[in-house]
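Structure first, then comments.
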Protein chains: 2
Amino acid sequence: MDARADERTVHPAMDDRSLPPRARILIAAQELFVRHGFHGVGVETIAEAAGTNKMTLYRHFESKDLLIAECLRGIAGENDSVWSLIDSACPNDPRGQIMTWLRSIGEHTPDGNHVGCALVNAAIQITDPDHPGRKVVEESKRAHRNKLVSLCQAAGYSDPELLADQLFLIVEGARVSYRSAGPDGIGANLLAMAENIMAAHEP
Amino acid sequence: MDARADERTVHPAMDDRSLPPRARILIAAQELFVRHGFHGVGVETIAEAAGTNKMTLYRHFESKDLLIAECLRGIAGENDSVWSLIDSACPNDPRGQIMTWLRSIGEHTPDGNHVGCALVNAAIQITDPDHPGRKVVEESKRAHRNKLVSLCQAAGYSDPELLADQLFLIVEGARVSYRSAGPDGIGANLLAMAENIMAAHEP
DNA sequence: TACTCATGTTACCGAACGGTACCGCCTGCC
DNA sequence: GGCAGGCGGTACCGTTCGGTAACATGAGTA
């Protein structure tokens, strides 16, 4: 029914114990969850991929659901740091920051596979409205949208909220289409679409 | 871990045997899969919701995965018939057809919950690249995109392919954001975003 | 009546999974 | 040395799930 259990090794240098078990578990869990989904990978697989075992995993995380939530917090934090990176790469250049962000969306992962947005995928996989991971996703998306609005305002575009939402939705649509329509599908020329929309909001 | 098992009754008139078991199973499976995800509902639950049992289910469907694929084919067919409906509602009015389609996206389901696009959700839940349901989703999305392109061409917009892809991605992004950011989030004023984009392509 | 065929019913199997108990080891620290 | 705590290893439990076997039932039909 589910993904093949073959080749679930994660980071090769994971087995050396340079990182404490909790960090190794989080890294392994993030990678495996993103690749195979929450239901597609069990806690024992995660523990083995982290070079430890199930008991140690449960010493650091109360349950699988809370491990999922912690992974989502980690992913949200990585997204935040991407914005910090962009900010320091194009200081005082909001338009350049938006363009840098847009260009980064189309980049392939090291293994050549698009997986879309891990937070969106999580929100779809989680059907329980009370799951601890859900509010992590919603909060991250809200912050992401606010960041985009402030950038569009700073860049002096007309109707910055409308533009920000347009860019946000196009990017969300493109990333989800990598999964639903294939990587060579509709999201291929995302940049041209975004530039066309931005041109309509040029002051 | 997963959705609550409470209240999985589907269509109330499902128990009367007006429909043959295979049709009842498909209806129940579609509804339950959309609401709780593929992993969140078992075949026995589906059979009971359809007013039958597991053995009859397996007499009509080789496996759960093939049942999933059949459900996706049914959903894709429903999407096609929506386009036929729109076509007959606005004959020879491609622009009106696009607008009608856009308006239909924001409508709520009878229970007031947005579930996004069932095919996209399926593509994200399915991690196996060889799953029989995957090609159903990809084919449906490709046809959907082609339909939009031909409508934009017929409406005389400049750069119809770019416009079609922009509209497609915005809608995909909005529908997925109903799940990731909540129904009152970014996709709320989808219509204004689309009209703004279309205005930029006015001939 | 006798036959066929789709369906209902029950029981079961093997595997996977989330989670726990228990033991032993090793390291660091007083 | 002695102690404590973090960690590895293993065995186990209860449950759920996909899928199957075997049999009963009931309607339609020749």
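Proteins come first, then strands; the chains are lettered A, B, ... in the order of their sequence lines, and each starts at number 1.
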*asked:* Expressed as a whole number of angstroms, how long is the span from B:Leu67:CG to D:dC17:C1'?
replied: 15 Å

*Considering just the side-chain nitrogens and oxygens of A:His60, establish if one lies under 4.0 Å of OP1 or OP2 belonging to D:dC7.*
yes

_At less than 3.5 Å, do the side-chain atoms of A:Arg59 and the base atoms of D:dG8 form a donor-acceptor pair?_
yes

*How many Å lie between CD on B:Glu44 and P on C:dA11, as a whole number?*
12 Å

*Looking at side-chain heavy atoms only, is the closest gap between B:Leu102 and B:Met198 below 4.5 Å?*
yes

*Ion pair B:Arg179/A:Glu138, N-O distance below 4.0 Å*: no

*asked:* Looking at B:Lys54 and D:dG19, is any side-chain donor or acceptor paired with a base atom of the opposite kind under 3.5 Å?
replied: yes

*Indicate yes or no: at least one non-hydrogen side-chain atom of A:His144 is less than 4.5 angstrom from one of A:Asn79.*
no

_Interatomic distance, A:Arg22 CZ vs D:dG5 C1' [rounded to whole Å]_ = 18 Å

_Nearest whole Å is fine: how far is D:dG19 P from B:Leu57 CG?_
10 Å

*Under 4.0 Å: is that the gap between some side-chain N or O of B:Arg24 and OP1 or OP2 of C:dT7?*
no

_How many whole angstroms separate atom CZ of A:Phe38 from atom P of C:dG18?_
13 Å

_Using heavy-atom distances to pick each residue's nearest nucleotide on DNA chain C, tell me which of A:Tyr58 and B:Thr56 is more 5'._
B:Thr56

*Side chain of B:Asn53 (C-beta onward), nearest among C:dG18, C:dT20, C:dT9*: C:dT9

_Among C:dT7, C:dC22, D:dT20, the nucleotide that comes nearest once only the side chain of B:Met55 is considered_ = D:dT20

_Protein-nucleotide distance (A:Phe61, atom CZ; C:dT20, atom P), rounded to Å_ = 15 Å

*Which heavy-atom pair separates A:Cys152 from A:Leu167 by the least distance, and what is that distance?*
SG-CD1, 4.4 Å

_Whole-Å distance separating the CG atom of A:Leu19 from the C1' atom of D:dC7_ = 16 Å

*So, B:Glu48 versus B:Asn53: side-chain donor-acceptor pair below 3.5 Å or not?*
no

*Rounded off to whole Å, could you give me the CD1-to-C1' distance for the B:Ile46 and D:dG19 pair?*
14 Å

